Amino acid sequence: MESTYKAVELLDKTKSEQFLYNLRYSTVVETNPTTHTDELVKVAVKTGLPKDQFLKAYESKKSQEALDKDFEIFKILNINTLPTYLLQYKDQAALITSLAKYEDFIQVINKLTKKEIRGKRTKPTVQNIYDFIKKHPVISSNEMIEAFRLKDNDELLGIIAPLVNKSKISFKKVKSSYFIEKNNES
């Protein structure tokens with residue numbers, strides 16, 4: 001699975017994050033067997049990658065070599081849990097492991113930058129949330145709640161109701177959460 005991501009990263013690094021979101025959506029929401037090559041191809045195409053180029057990169061030794069390099073870095077940095085975030089500023093660096101809250105990032109950023117850089121919360125307006133969704137066309141409600149410091153899914157759903165009503169976004173319930181997806185504009 002990891003070499004799949006590396007294949008996407010080698011083809012178009014700007015699409016690798018979206019590929020991961022699409023892969024997660026396909027796995028969790030649509031319950032597709034995303035360990036199968038044909039399903040991986042569908043996710044790659046949905047992400048905007050040409051099928052033939054994706055298959056060539058997926059089957060190439062370069063993606064495995066790139067993955068091996070990542071594993072070497074993991075070993076050097078003693079990373080043994082995911083997610084792990086590497087934050088760097090000038091000659092300083094820090095690792096944040098596991099699922100971190102906004103405040104955890106702010107604390108590390110403040111320490112690394114000696115408060116030269118300060119985080120600023122974005123207000124949870126309909127427009128700000130839609131701008132965020134345009135950058136992340138498939139995202140979980142949990143991520144949105146954390147990003148905008150909302151109380152819960154009900155508060156988020158209340159804010160995004162106008163976007164749903166205008167068919168700009170749709171959402172699917174998954175257990176106690178939702179996946180939010182930007183609809184294609186016609």
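Because the structure is predicted, anything quoted here is derived from the model rather than measured.
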S.K.: Under 4.0 Å between a Lys/Arg side-chain N and an Asp/Glu carboxylate O for Glu9 and Lys62?
M.R.: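 No, no charged N to carboxylate O under 4.0 Å.
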S.K.: For Lys166, I'd like to know if atom NZ has over 12 heavy atoms of other residues, nucleotides or ligands within 6.0 Å.
M.R.: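 Counting neighbours around NZ of Lys166, 12 or fewer heavy atoms of other residues, nucleotides or ligands fall under 6.0 Å, so no.
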S.K.: I'd like to know if Asp104 and Lys101 make a salt bridge, using a cut-off of under 4.0 Å between side-chain N and carboxylate O.
M.R.: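 The answer is no: the pair does not qualify as a salt bridge.
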S.K.: When rounded to the nearest 0.5 angstrom, what is the spacing between CG in Leu112 and CD in Gln92?
M.R.: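 Taking CG in Leu112 and CD in Gln92, the distance rounds to 6.5 Å.
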S.K.: How far apart are the closest heavy atoms of Asn128 and Phe148, and which atoms are they?
M.R.: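 For Asn128 and Phe148, the tightest heavy-atom pair comes out as O-CZ, 3.9 Å.
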S.K.: Using the side chain to side chain donor-acceptor pair (under 3.5 Å) rule, take Asn183 and Ser167 through it: C-alpha gap first, then chi angles, then the decisive distance, then the call.
M.R.: CA-CA 7 Å; Asn183 295 332; Ser167 298; 5.3 Å; no
S.K.: Kindly compute the distance separating CG (Leu49) from CG (Asp12), expressed to the nearest 0.5 Å.
M.R.: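 Spacing of CG (Leu49) from CG (Asp12) equals 6.5 Å.
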S.K.: With the 4.5 Å side-chain cut-off for hydrophobic clustering, are Ile109 and Leu95 part of the same group?
M.R.: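 Different clusters.
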S.K.: How would you list all residue pairs meeting ring-ring contact (aromatic ring centres under 6.0 Å, His included) that involve residues 86-122, not counting sequence neighbours?
M.R.: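 The answer is Tyr85-Phe105.
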S.K.: Which heavy atom of Ser60 sits nearest to which heavy atom of Ser63, and what is that distance?
M.R.: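 Ser60 and Ser63 have their closest heavy atoms at O-OG, 3.2 Å.
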S.K.: Can you tell me how far apart CD (Gln18) and OH (Tyr25) are? Round to the nearest 0.5 Å.
M.R.: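 Here the interatomic distance stands at 12.0 Å.
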S.K.: Can you tell me how far CD of Glu146 sits from CD of Glu103, rounded to the nearest 0.5 angstrom?
M.R.: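 Glu103 atom CD to Glu146 atom CD measures 6.5 Å (nearest 0.5 Å).
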S.K.: Looking only at heavy atoms, which two atoms of Ile117 and Asn110 are closest? And how far apart?
M.R.: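 Answer, listing the atom of Ile117 first, then Asn110: O-OD1, 3.6 Å.
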S.K.: Please report the closest heavy-atom contact between Tyr21 and Val138, naming both atoms and the distance.
M.R.: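 Taking every non-hydrogen atom into account, CD2-O, 2.8 Å.
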S.K.: Rounded at 0.5 Å granularity, tell me how far CG in Leu40 sits from OH in Tyr58.
M.R.: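 If I round to the nearest 0.5 Å, the distance is 5.0 Å.
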S.K.: Counting only heavy atoms not in Glu39 (residues, nucleotides, ligands), do more than 12 fall under 6.0 Å from its CD?
M.R.: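 More than 12 heavy atoms, drawn from other residues, nucleotides or ligands, come within 6.0 Å of this atom.
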S.K.: Rounded to the nearest 0.5 Å, what separates atom OG in Ser3 from atom CG in Asp70?
M.R.: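 Rounded to the nearest 0.5 Å, the OG-CG separation comes out at 11.5 Å.
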S.K.: Is the NZ atom of Lys173 crowded by more than 12 outside heavy atoms at less than 6.0 Å?
M.R.: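 Yes, NZ of Lys173 has more than 12 neighbouring heavy atoms, counting only those of other groups under 6.0 Å.
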S.K.: Within the distance-only criterion (no hydrogens, no angle test), does the side chain of Glu155 pair as donor or acceptor with the backbone N or O of Lys151 below 3.5 angstrom?
M.R.: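 Indeed, once roles are kept as given, a pair shorter than 3.5 Å links the two residues.
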